[in-house]
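Here is the naming used below: chain letters follow the sequence lines, and residue numbers restart at 1 for every chain. Since we're looking at a predicted model, the values are computed, not measured. Below, each value reflects all heavy atoms present in this structure, side chains not excepted, and no hydrogens, waters or symmetry copies.
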Amino acid sequence: MTAPLLPPSVPDLGGLRLPDAAACAVTVARLQGAREPRVVVVGNPNVGKTTLINAVAGTRLKVGNWSGVTVEKREAHLSHAGRRVHLLDLPGAYSLSPHTPEELIARTALMDEAPDAVMNVLDAGNLERNLYLTLQLMDFGLPVAVALNLVDEARDKGLTVDAPALSRALGVPVIETVASRSVGTADLMSGVLDRATLGVAVRYPAAIEEAAQDLTSCMSGLSTLPPHAHRYLALALLEGDPSVRGRLAATGHQPLLEAADAHLAALEARGLDPLIEIAEARYARAGDLARVAVPQAQARRTFSERLDRLTLHPLLGIPLFLGLVLLVFRLTFSVASPFVDLIGGPLQDILSGWASAGLAWFPLARDLVVGAIIPGVGTVLSFLPTLLVLYLAMSFLEDSGYMARAAFLMDRAMRSVGLDGRAFIPLILGFGCNVPAVYATRTLERRSDRVLVSMILPFMSCSARLPVYVVFAAALFPRSGSWLVWGLYVLGMAVAFLFALVLRRTSLPAEGGGVLLELPPYRFPAWRVLWKHAWRRTASFARRARTTVMGTVAVVWLLLALPAVSGQRFATVPPQQSLFGVVSQAVSPIFAPLGFGNWQATGALVPGFIAKEVVVGTLGQIYLGEQAAAPAPLGLVAGITQTLGAAWDAVKASVSALPTVLALPSLSAGPSADTQTPLAAALARAFTPASGLAYLVFVLLYTPCIATVGAMAQEHGRRVAWVTVAYQLATAWVVGLIVYQIASRVL
Amino acid sequence: MSASPLAGILNAIARQPRTPAELARDLGSSEGALSGMLRTLQGGGYVQEATQTTDGCECGPCALKSMCRNADQDAPPLHLLRLTPRGEAYLRRLLPMTN
């Protein structure tokens, strides 16, 4: 059967009929006259090509490898309606501009395997993307027939493809198939053997067409280049395709390459980028064809897309994000507080008693352990339950796909203050630890962006600051602790954004640069994975308590034991007369306007420069160290029994606190005053709510830890590092003062 | 669909952070087609993955490295594309023509 070579009603989509009708007739006649026509099967990956081949060829399919590579080669010799056919399945390829070995093999086969026809398999549900390859095939002078596969799945998505309309627009037969059920496969083979023809190619911009035609004419006398591939090769040369250039160079076609270079230079001089121009023309036509084939092209939105309409909403997105973060903090406080009280209270007392009894003969070691290590390191460790719950909740948000949306929202907000769109990576890392965040600024190309982001990212509250917030919240704001911590995080971000705005307007102007962020679909996270993530993070915090915190606590203990004046003995000096106490006292007047001008509070800030969680360890050491010798040792059994009993009480308290997570702010989310840890009780006596709030704001904003400063010096030079230290100290003092002055009148 | 979808993508990336779904909608295209276009742009050297280029030393001095989601993953957690200097140059050349 002979079909019309050029269908009568091709919609005018700007296509080009190539080559002329006479040449077309010769090519098609060759297919129809061939004794065993060779048909290559081409398509994007995952369009059901293998299933289709299996359905057509069945057991006659032979599987081997393409020469020199491990890419699978499938072919079959079969009969259809009394005619022999050699079917050759090419590897899945998104395009013939080779980015992968599979694409290179597909293109090489189209050029060199002398196919008589092409069976192009399309996914009916993803037509626009698949048609890009189809349009590249049209640039080859080969007869094409299209298998419109997966039409059943497309219908399930709400897409109905008008195959006749697509056939008219492409100028080649289009046959609907459902390969998995062998639907349409016989028609497909008939379509390929009887009706495959040269389709309507893309009409590229005039300057490109002229250059391509000139190069094609240069090739006409070259017997070493397959005639059906001349136009494709000309276009590939104009696209600057390195593999085509390499092939032509290796086969002695230097004059052709020189002609191509001359055309490229001329096009560039006219302000044209041939690679973009050619791809633009193909995608624009693919889009037009898709609309012809699927006029109602409106697939149903997925669950993720529907949810994203809310979570990424320009107005609602940010409040929703802040609300979720607040919920996380409320959950953290409600569930973890009883366990914090357990570790910071009874457990610490029992351990102190045992250590005191065990080290009775070594007074100095006993003082170090009972007076420094247990209250210092123990206080930091008592926040492990808080961190575990927080990390579980954050991992849930991350693994569910929501955190990617939060990053996107933040990115948008940052762009509004002139920050590079990529800045959100280091800034988000800053919530974990500022040190890797400083190194992550390398993502940004411009130094001004790197410096700016590094200078503001220490305002992102790293997790090491959380224990300080939690202990003060428990001491001074037991009924609104989660709101307080949430407020501190928001304040940190607000200050960072404010400084970004100021620095952009003054010394570090914006230079553009954006991103396209691929968002993962929402999913329900696996509990095992959540636990693994949360446990790893919590264990890391515990390791740090064992190293950095313990080391700093030992140094502070030494400084607290060293007398500042002569006549006093080591380790018996009152704390305020120790070297630590005297130096802290000398500095403390600076903080008097902020409401915490006492030596204990001031002194605890200094080791915080080593690591922020040391602030709470030092506070524990100072306030609890003197009382730590008191607990009487319990027997082993009694100690374990008491611990287990207290742990059971904590579990019950934790479960009963769960309903308060969703409660309004006036309801308790933190511990009540009568269940405070000894440190919280000591802080409640030493600070007023206003001075405590100012202290927390100062801890949030003051100088980054020494590792962060070191990273900044390494990345941006010492000047930037010290300027950051100085301006953050000044910022912390000023904001702390403002907060104290306002809070002391309100609270 | 825009007559110049690739230029539209480059322009969109340069101006405002987007998700592929949003961008495809703005272009009057599908996400599948958009991913093909991005692949073309990536292959041509106009856009590239904005992965962390920290040379593996980002966790060196940090004892909290396991808190960082990027530290324990081979693949970046977010698939992020940005313009290359070639993409930016193309856009600069294009803008005087469109303005």
Identified side chain to side chain contact (heavy atoms under 4.5 Å, CB included) counterpart of R129(A) within the set E31(B), M37(B), R39(B):
R39(B)
As an exercise, state the distance from [atom1] of [X] to [atom2] of [Y], rounded to the nearest 0.5 Å.
X       : Y       : atom1 : atom2 : result
I278(A) : T40(B)  : CD1   : OG1   : 12.0 Å
S35(B)  : Y94(A)  : OG    : OH    : 7.0 Å
L27(B)  : Y283(A) : CG    : OH    : 12.0 Å

Where is the tightest heavy-atom contact between E128(A) and S30(B), given as atom of each residue plus distance?
OE1-N, 3.5 Å
In terms of heavy-atom contacts, P5(B) and A284(A) come closest through CG-N, 4.2 Å
Residue, of D241(A), L275(A), N434(A), I276(A), that accumulates the most heavy atom pairs under 4.5 Å with chain B:
I276(A)
Are any side-chain N or O atoms of E280(A) and backbone N or O atoms of L6(B), one a donor and one an acceptor, separated by less than 3.5 Å?
yes
Give, as side chain, backbone, both or neither, the part of D273(A) having an atom under 4.5 angstrom from any heavy atom of chain B.
both
Please look at L272(A) and chain B and tell me whether the side chain, the backbone, both or neither of the residue comes under 4.5 angstrom of a heavy atom of that chain.
backbone
Among residues at least two apart in sequence or on other chains, which ones pass side-chain hydrogen bond (donor to acceptor under 3.5 Å, both in side chains) with T552(A)?
none
Please name all residues satisfying side-chain hydrogen bond (donor to acceptor under 3.5 Å, both in side chains) with D123(A), sequence neighbours left out, ordered by chain then number.
none
